[in-house]
Enquirer: 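Supplied in C-alpha cells, the structure appears directly below.
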Amino acid sequence: SRQPMPLECWRKSANAMRRWAVSPSLPPPAAFAAATLGLGVGPPQARALASAATSPPLGHCSPPCPRPRRRRSLCSSSPSSAAMTALAVEEARRGRKQLGMDPPLYDYLLSNVREHPVLRDLREETASMRGSQMQVSPAQAQLLAMLVQILGADRCIEVGVYTGYSSLAVALALPESGRLVACERDERSLEVAKRYYQLAGVAHKVDVKHTLAVDSLRSLLECGEASRQENVRGIF
Ligand SMILES: C[S@@+](CC[C@H](N)C(=O)[O-])C[C@H]1O[C@@H](n2cnc3c(N)ncnc32)[C@H](O)[C@@H]1O
C-alpha cells in the first residue's frame, strides 16, 4: 500500500514545479506530469496551474503539517493535490472531460457547441459543487440532445441525474408532449436540477423520481408503464 509522501519530498517537488513554471526549456517534473496525465492539459496552461498551485512558497507549512493519519495526505501544501484541485475546478468550470483534447481544440469545440444559456448557467453553478466532475460535457449533452431529435424520442429515462445537466439538455430537445423520467437518489443535487428545469421552462416535461433508480424503474413496470411506454427511445 502507498504511504503518504514525506513533507520534505513535497517541498522538493513543489520547488521543481515552481522552477518549471518559469523555465520553458525544462521538462515537466514527474509528479506534475503524472497529475496531468490524461487530462489533455497543454504546457502553457499546465505551467500557469503549476505556478498557481505552488505559490505562495511552502513557508506557511512551518511548523510542518501534522502527519496524516489516513493514507491520503491532508497537507494543504501538497503540490500534486493542490494542482489536481486547481485542474479539477478548471476542468469542471469549462465542462471539459477527459476527451484527450488539448485546450485549443477543446476551446474550438466549446465555441461551436450549442449550449442553451440556462445549461451554461447550470454548468457554472455545478462547477463549484462536490462531484462536479460527474457532469457530462457540453459536447456529450449536445450528442444526447441530437440523438433524441434523430430518433424522434418522446419518452426518455435518465438513471442518475446529479444536478441535471444531461437531463436538461434532453428535456430541451424533447417535443412539448415529451416526457423524461429522471431518477436520482441525492436530494441536494436534485434540488439544483429542479430549479434549472423551472428556469428553462421544461419542468412540465420532467417526472422527477427521488429514490433509488431500481425502485423507480420497478414501480414504472408495476404500474404498467412498460407497455404504455414502448416508445421509450432513450435510457441514459
Ligand atoms: C455520473 S452522475 C450523473 C451526471 C449527469 N448525467 C449530469 O450530466 O450531470 C451519477 C448520478 O447518479 C446518482 N446515482 C447513483 N446511483 C444511483 C441509484 N442507484 N439510484 C439513483 N441515483 C443514483 C448519483 O447520486 C449521481 O448524482
Side-chain angles (χ1 to χ4, degrees), residues 38-40 84-85 87-101 106 109-151 153-174 178-223 225-226 229 232-236:
L39 292 175
M84 285 301 284
T85 304
L87 276 172
V89 169
E90 177 61 11
E91 292 291 297
R93 190 184 69 76
R94 293 157 53 82
R96 179 146 74 98
K97 311 295 288 190
Q98 297 177 23
L99 300 174
M101 294 181 199
Y106 185 72
L109 183 136
L110 203 58
S111 64
N112 285 285
V113 93
R114 287 178 213 148
E115 189 181 38
H116 191 286
V118 180
L119 276 172
R120 188 198 54 227
D121 292 349
L122 171 57
R123 173 164 59 82
E124 289 180 355
E125 177 168 344
T126 300
S128 61
M129 291 181 60
R130 194 164 163 236
S132 58
Q133 78 286 355
M134 292 195 295
Q135 182 214 283
V136 302
S137 72
Q140 289 166 326
Q142 190 180 329
L143 174 64
L144 281 171
M146 199 168 72
L147 289 171
V148 167
Q149 288 169 334
I150 290 171
L151 292 169
D154 59 1
R155 295 286 182 274
C156 294
I157 299 174
E158 178 168 63
V159 176
V161 169
Y162 185 46
T163 57
Y165 191 86
S166 51
S167 56
L168 180 53
V170 165
L172 284 164
L174 280 169
R179 290 293 173 270
L180 164 66
V181 176
C183 311
E184 172 58 55
R185 65 183 176 185
D186 179 58
E187 190 173 8
R188 273 185 69 192
S189 49
L190 208 44
E191 287 307 317
V192 177
K194 288 195 280 189
R195 184 154 44 83
Y196 279 89
Y197 299 150
Q198 291 285 355
L199 281 169
V202 295
H204 60 289
K205 297 187 201 171
V206 189
D207 181 6
V208 173
K209 305 278 188 196
H210 172 215
T211 181
L212 288 179
V214 68
D215 295 332
S216 303
L217 296 175
R218 192 178 290 127
S219 114
L220 283 177
L221 287 171
E222 284 169 1
C223 296
E225 283 294 312
Q229 298 208 4
V232 169
R233 297 283 182 92
I235 301 185
F236 58 103

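Only a predicted model underlies this, so the values are computations on that prediction, with no experimental measurement involved. Order of listing sets the numbers, starting from 1, for every ligand and every atom in it. The first residue of the sequence shown is numbered 1, and numbering continues consecutively from there.
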Enquirer: Would you mind running through ligand 1 and noting each atom that sits below 4.0 Å from a heavy atom of A213?
Expert: 18 (C), 20 (N), 21 (C)
Enquirer: Mind checking what makes side-chain hydrogen bond (donor to acceptor under 3.5 Å, both in side chains) contact with Y196, not counting sequence neighbours?
Expert: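 side-chain hydrogen bond (donor to acceptor under 3.5 Å, both in side chains) check on Y196 returns E125.
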Enquirer: So for ligand 1, is E184 a polar contact partner (N or O within less than 3.5 Å, distance only)?
Expert: yes
Enquirer: N/O of S166 under 3.5 Å from N/O of ligand 1, yes or no?
Expert: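 Yes; the residue has a nitrogen or oxygen that sits under 3.5 Å from a nitrogen or oxygen of the ligand.
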Enquirer: Under 4.0 Å from a heavy atom of E158: give me the atoms of ligand 1 that qualify, with their elements.
Expert: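 That gives atoms 6 (N) of ligand 1.
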Enquirer: Any nitrogen or oxygen of T163 lying under 3.5 Å from a nitrogen or oxygen in ligand 1? Just yes or no.
Expert: no
Enquirer: Take Y165 and E115 through the side chain to side chain donor-acceptor pair (under 3.5 Å) test and state the conclusion after the steps.
Expert: CA-CA 11 Å; Y165 191 86; E115 189 181 38; 2.5 Å; yes
Enquirer: Minimum distance, heavy atoms only, to atom 15 (C) of ligand 1: which one of E187, K209, H210, R185 is it?
Expert: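 The option holding the nearest heavy atom is R185.
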Enquirer: For atom 10 (C) of ligand 1, which of M134, Q135, Q140 has the closest heavy atom?
Expert: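 The option holding the nearest heavy atom is M134.
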Enquirer: Between R188 and E191, is there a side-chain N and carboxylate O pair less than 4.0 Å apart?
Expert: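 Salt bridge flag = no for E191 with R188.
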Enquirer: Quick one: does C156's side chain get under 4.5 Å of V148's, heavy atoms only?
Expert: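 Counting from C-beta outward, C156 and V148 do come under 4.5 Å.
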Enquirer: Rounded to the nearest 0.5 Å, how far does OG of S137 lie from CZ of R123?
Expert: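 Going from CZ on R123 over to OG on S137, the span is 9.5 Å.
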Enquirer: Which atoms from ligand 1 have a heavy atom of T211 less than 4.0 Å away?
Expert: 21 (C)
Enquirer: Would one find an N or O of V136, backbone or side chain, under 3.5 Å from an N or O of ligand 1?
Expert: yes
Enquirer: How many angstroms lie between CG in L144 and CG in L168, if you round to the nearest 0.5 Å?
Expert: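 Between atom CG of L144 and atom CG of L168 there are 12.0 Å.
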Enquirer: Once side-chain hydrogen bond (donor to acceptor under 3.5 Å, both in side chains) is applied, do any residues pair with H204, and if so which ones, sequence neighbours excluded?
Expert: E176
Enquirer: If we set the cut-off at 4.0 Å for heavy atoms, which region of V161 has an atom near ligand 1: side chain, backbone, both, or neither?
Expert: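 Backbone only.
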